[in-house]
Peer 1: 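First the structure, then my questions, so here it is.
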Amino acid sequence: MKKFLISCLLLLTSYFVFAQTETIKCYPTNWWTGMKWNKVQIMVHGKNIGGTGRRFVFTNYPGIKVINTEATENPNYLFVNIEINKLATPGNVIFKINNLDLPIGQFDFELKARRQGNGSSYAQGVTSKDFIYLLMPDRFSNGDPSNDKFSGLRDTVVDRSNSLLRHGGDIKGIVNHLDYLKDLGVTTLWLTPVVENDMPAEQEPPGPVSGYHGYWITDHYTVDKRFGGNDEYKEMVTTVHKKGLKVIQDAVYNHVGIEHWFVKDPPMKDWINQWPYYQGTHHREEVFIDPYASEIDKKIMTDGWFVPHLPDLNLRNPYVANYIIQNTIWATEEFGIDGWRVDTYKYNDEKFLVNINKVLADEFPKLTGFGEVTSNSVAASAYFTKNNIITPIKHTIAGVTDFQVCYAMLAGMNEKFGWTNGVNKLYMTLSQDLLYKDPNYNCIFLDNHDMDRVLTVIGEDFDKFKMGINWLLTLRGIPQLYYGTEILMKNSKNPSDGQVRLDFPGGWPGDKENKFTAVGRTEKENDAFNYVRTLAQFRKKSSAIKTGKLMQYIPQNGLYVYFRYDKNQTVMVITNSGEKKMDVNMDRFKQRTDGFTKMKNIFTDKITALKDFSMDAKESGVYGLIK
Ligand SMILES: [Ca+2]
Ligand SMILES: [Ca+2]
């Protein structure tokens with residue numbers, strides 16, 4: 001009788017747990033055969049699947065070995081370490097979970113065949129041959145008004161009259177304008193994060209602010225359905241590749257949205273960086289290069305939270321690290337992207353960064369990335385990428401967002417010339433490139449989604465605009481244009497960054513103006529668009545700019561001259577940043593002009609003799625030299 005009762009109880013227990021099997025989820029959601037990363041740690045999440053007993057997970061799928069199963073302090077998790085060997089073929093793997101001998105659940109795990117073309121048709125990396133266009137999917141174009149909001153999500157407000165709320169832009173809108181981007185000379189799209197941000201609007205001043213920008217991730221494996229979901233994103237990447245363009249995905253390793261399912265039900269107490277009180281990061285990257293820095297300052301930099309609604313991940317916890325590493329491999333292979341821009345790079349555990357870059361390089365040899373490193377010095381920027389500095393930790397990402405060159409270009413356009421001001425700042429900044437192993441992998445830009453728009457910074461001065469575009473598209477590095485700069489979108493972050501993230505006019509059904517077309521743009525906007533396009537298209541064919549060397553001459557009275565050159569081509573970039581007409585004495589540039597007799601203005605195609613000439617105040621030009 002006692003035995004019968006126990007059997008009934010066991011049956012009931014097993015029924016109870018089985019009834020929940022549909023809620024067992026696993027991460028990664030699938031994997032592939034033939035990956036270098038063939039030891040996968042599957043994080044299994046389901047009510048009480050870890051429990052208090054001894055759990056065994058097994059499968060009879062050929063070529064899959066379960067190494068071990070680990071329970072954690074949270075009974076809702078199991079970590080299943082598997083090895084996928086060479087015998088494994090694509091198919092659906094069923095993993096069964098037992099408590100001792102009693103079955104308590106199971107989950108499916110698809111093993112897919114890998115995509116073809118690693119490094120040639122996807123994971124191609126981005127280099128100085130590319131021209132990146134940074135856009136925010138919510139603000140670029142709304143190609144599908146039916147996906148603007150969903151009642152099941154925490155934020156259901158779509159309001160184009162408020163720059164801090166969602167506007168309905170999506171992946172379909174981007175696909176609809178790929179020809180526009182290609183015509184502009186863009187080679188690579190960088191979208192702000194597309195993964196799910198199921199967060200309510202947050203009370204950030206002047207709030208409320210929604211997660212339209214994508215940096216409040218709540219599910220790493222799901223593309224936000226307001227942007228179109230996983231399938232549309234995957235299709236977009238395929239379409240982009242067919243057009244001969246590339247895609248960079250924006251990753252956030254450092255933190256997640258506070259509504260992330262694994263924050264609401266953390267697998268371990270130390271899954272996120274905990275403090276006895278709220279501790280925000282101090283944002284000062286100097287602690288990494290400062291020989292006098294204290295340990296507590298270093299700890300607050302990496303373990304302090306970015307803001308209170310973005311819990312900081314403990315990337316020293318190997319399970320957290322595995323989760324992020326596997327997700328990054330997964331997204332690259334699943335969607336077929338070409339590279340990564342890594343948000344808030346300087347806030348992550350340093351050893352984790354080195355580790356994930358190694359894993360990515362092993363799996364995708366041509367894939368590259370650049371980290372977002374806001375910094376106050378070239379030394380700090382260089383510290384976070386491959387560099388020539390003697391440091392205990394050697395960083396390994398290909399490049400960084402080059403804020404120092406950005407600030408220097410802005411100074412060059414705006415500041416009065418002086419020993420350390422104006423174009424001298426640009427000259428001085430570039431002279432410090434010796435700290436980098438290869439500054440050509442740095443992403444250079446005049447502005448981005450976190451900055452005042454460049455047109456406003458330069459007082460809407462079109463001469464300065466030309467100077468900036470000339471430098472952006474001819475200096476070393478990978479140029480990045482922020483969406484709308486080419487049609488003279490402007491604004492400062494006052495009162496909020498929503499002002500520099502306004503909708504691209506013409507991207508929404510019923511928009512009164514359509515600036516995607518020449519007829520929809522004003523004369524001035526067409527001048528700007530054509531200026532960028534002419535130089536970007538020239539750049540596409542210019543080996544000297546894409547892969548050549550740089551030689552700069554000391555600026556004199558605001559006149560700044562540099563050359564890009566290789567054995568096939570020499571390009572001269574001249575800027576008179578001053579307020580007076582200047583004579584350009586060519587004799588000084590002999591080292592680079594020897595053997596050439598003429599110069600061709602790449603904007604007008606006008607050919608003139610290569611001899612002394614004068615430049616108007618604020619005039620700038622790009623010239624191809626002719627023998
Ligand atoms: Ca939409
Ligand atoms: Ca951190």
Side-chain angles (χ1 to χ4, degrees), residues 127-131 185 187 405 408-409 412-413 417 423-424 426-427 429-431 433 438-440 444 446 463-479 527 530-578 581-627:
T127 69
S128 54
K129 293 177 185 169
D130 288 307
F131 175 29
T187 72
V405 164
M409 289 194 288
M413 288 182 278
F417 182 71
V423 281
N424 263 335
L426 187 50
Y427 165 76
T429 302
L430 292 166
S431 73
D433 272 0
D438 189 352
N440 287 300
I444 64 170
L446 296 166
D463 288 330
K464 291 182 178 179
F465 177 83
K466 289 178 178 173
M467 268 181 221
I469 295 296
N470 287 354
W471 292 333
L472 176 70
L473 287 167
T474 62
L475 274 174
R476 97 304 188 257
I478 314 169
D527 285 349
N530 291 332
Y531 196 85
V532 175
R533 178 172 61 178
T534 304
L535 187 47
Q537 295 292 359
F538 174 80
R539 187 184 197 281
K540 255 190 192 174
K541 299 191 192 96
S542 168
S543 61
I545 298 175
K546 288 192 296 184
T547 54
K549 292 180 176 170
L550 168 65
M551 182 176 287
Q552 61 171 350
Y553 286 80
I554 300 169
Q556 292 180 340
N557 298 321
L559 187 79
Y560 178 45
V561 181
Y562 64 80
F563 293 82
R564 297 302 308 273
Y565 62 101
D566 62 13
K567 62 181 191 323
N568 300 315
Q569 189 187 30
T570 296
V571 175
M572 176 170 71
V573 182
I574 307 193
T575 309
N576 176 12
S577 66
K581 193 169 185 157
M582 290 279 292
D583 290 329
V584 183
N585 177 358
M586 294 307 293
D587 201 42
R588 201 180 151 219
F589 312 120
K590 244 189 192 156
Q591 189 185 352
R592 291 272 60 87
T593 58
D594 241 11
F596 294 101
T597 60
K598 288 176 242 162
M599 58 189 223
K600 182 177 176 179
N601 182 323
I602 72 109
F603 295 101
T604 62
D605 286 342
K606 198 175 154 194
I607 297 175
T608 50
L610 188 65
K611 58 177 191 189
D612 296 355
F613 67 109
S614 62
M615 274 194 128
D616 287 335
K618 296 193 287 182
E619 188 185 342
S620 59
V622 180
Y623 304 91
L625 302 193
I626 302 170
K627 283 187 175 156

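Please read all numbers here as calculations on a predicted model, not as lab measurements. As a basis for the values below, the full set of heavy atoms in this structure was taken, side chains included, without hydrogen atoms, waters or symmetry mates. Position 1 is the first residue of the sequence, and the numbers go up from there.
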Peer 1: Measure the spacing between CG of Leu535 and NZ of Lys540 and express it to the nearest 0.5 Å.
Peer 2: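 That separation rounds to 12.5 Å.
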
Peer 1: On a heavy-atom basis, which atom in Met413 and which in Lys464 lie closest, and how many Å separate them?
Peer 2: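 The pair with the smallest heavy-atom distance is O-CE, 3.0 Å.
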
Peer 1: Is it true that a side-chain atom of Ser542 and a backbone atom of Phe538 form a donor plus acceptor pair closer than 3.5 Å?
Peer 2: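 Not a single qualifying donor-acceptor pair exists.
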
Peer 1: Fit a plane to each ring of Phe603 and Tyr531, take the angle between them on a 0 to 90° scale, and name the class: parallel (under 30°), tilted (30 to 60°) or perpendicular (over 60°).
Peer 2: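 Parallel: the ring planes of Phe603 and Tyr531 meet at under 30°.
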
Peer 1: Show your reasoning for whether side-chain contact (heavy atoms from CB on, under 4.5 Å) applies to Met599 and Thr593.
Peer 2: CA-CA 10 Å; Met599 58 189 223; Thr593 58; over 6 Å; no

Peer 1: Return the CD1 to CD1 distance between Ile602 and Ile545, rounded to the nearest 0.5 Å.
Peer 2: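 Going from CD1 on Ile602 over to CD1 on Ile545, the span is 7.0 Å.
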
Peer 1: Kindly determine whether Leu625 and Tyr565 satisfy side-chain contact (heavy atoms from CB on, under 4.5 Å), including the steps that lead there.
Peer 2: CA-CA 10 Å; Leu625 302 193; Tyr565 62 101; over 6 Å; no

Peer 1: Strictly distance-based, threshold 3.5 Å: is any side-chain N or O of Arg564 a donor or acceptor partner for the main-chain N or O of Met572?
Peer 2: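 It does not hold such a pair.
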
Peer 1: Using every non-hydrogen atom in the two residues, find where Ala408 and Leu426 come nearest and quote the distance to one decimal.
Peer 2: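 Reported closest heavy-atom pair: CB-CA, 3.6 Å.
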
Peer 1: Determine whether Ile444 and Leu472 satisfy the following criterion, side-chain contact (heavy atoms from CB on, under 4.5 Å), listing intermediate values before the conclusion.
Peer 2: CA-CA 7 Å; Ile444 64 170; Leu472 176 70; 4.2 Å; yes

Peer 1: Would Arg588 and Tyr553 count as a cation-pi pair here, with the cationic atom under 6.0 angstrom from the ring centre and within 45° of the axis?
Peer 2: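 Judged by the rule (NZ or CZ under 6.0 Å from the ring centre, within 45° of its axis), Arg588 is not positioned above Tyr553.
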
Peer 1: Please say whether more than 12 non-hydrogen atoms of neighbouring residues, nucleotides or ligands are located less than 6.0 Å from NZ in Lys129.
Peer 2: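 No.
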
Peer 1: If I take atom CD from residue Glu619 and atom CE from residue Met582, how far apart are they, to the nearest 0.5 angstrom?
Peer 2: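 Those atoms lie 12.0 Å apart.
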
Peer 1: Once you round to the nearest 0.5 Å, how far does CG of Leu446 lie from CE of Met409?
Peer 2: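 Going from CG on Leu446 over to CE on Met409, the span is 4.5 Å.
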
Peer 1: Out of Ile574, Thr575, Asn585, which residue meets the side chain to side chain contact (heavy atoms under 4.5 Å, CB included) rule with Leu559?
Peer 2: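 Among Ile574, Thr575, Asn585, the one meeting side chain to side chain contact (heavy atoms under 4.5 Å, CB included) with Leu559 is Ile574.
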
Peer 1: When you compare the side chain of Val423 with that of Trp471, does any pair of heavy atoms fall below 4.5 Å?
Peer 2: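 Yes, at least one pair of side-chain atoms sits under 4.5 Å.
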
Peer 1: Tell me whether Arg539 contacts the main-chain N or O of Leu473 through its side chain, where contact means a donor paired with an acceptor under 3.5 Å.
Peer 2: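 Yes, because the side chain of Arg539 sits within donor-acceptor range (under 3.5 Å) of the backbone of Leu473.
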
Peer 1: Just by distance, with hydrogens left out, do Tyr623 and Thr608 show a side-chain donor and acceptor under 3.5 Å apart?
Peer 2: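 The criterion, which ignores hydrogens and geometry beyond distance, is not satisfied for Thr608 and Tyr623.
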
Peer 1: Search all heavy atoms of Ser614 against all heavy atoms of Asp583 and return the closest pair with its distance.
Peer 2: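 Looking at all heavy atoms of both residues, the shortest contact is CB-OD1, 3.4 Å.
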
Peer 1: Work out which heavy atom in Ser128 is nearest to a heavy atom in Lys546; give both atom names and the distance.
Peer 2: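 Looking at all heavy atoms of both residues, the closest pair is OG-O, 2.6 Å.
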
Peer 1: For the residue pair Gly548 and Asp566, what are the closest heavy atoms and their distance?
Peer 2: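 The pair with the smallest heavy-atom distance is CA-CB, 4.2 Å.
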
Peer 1: Can you tell me how far CD of Gln556 sits from CZ of Phe417, rounded to the nearest 0.5 angstrom?
Peer 2: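 Phe417 atom CZ to Gln556 atom CD measures 8.0 Å (nearest 0.5 Å).
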
Peer 1: Measure from the side-chain N and O atoms of Lys611 to the backbone N and O of Met586, and report whether any donor-acceptor pair falls under 3.5 Å.
Peer 2: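 Answer holds: no.
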
Peer 1: Is the closest side-chain donor-acceptor distance between Asp438 and Asn440 under 3.5 Å?
Peer 2: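 Asn440 and Asp438 do have a side-chain donor-acceptor pair below 3.5 Å.
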
Peer 1: Identify the heavy atoms of Gly185 and Phe131 that sit nearest to each other, and give their distance.
Peer 2: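 Minimum heavy-atom separation between Gly185 and Phe131: O-CD2, 3.4 Å.
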
Peer 1: Could you measure the distance from the OG1 atom of Thr570 to the CD1 atom of Ile626? Nearest 0.5 Å is fine.
Peer 2: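 These two atoms lie 11.5 Å from each other.
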
Peer 1: Look at the side chain of Asn576 and the backbone N and O of Asp616, then say whether any donor-acceptor pair between them is shorter than 3.5 Å.
Peer 2: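 A pair under 3.5 Å: yes.
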
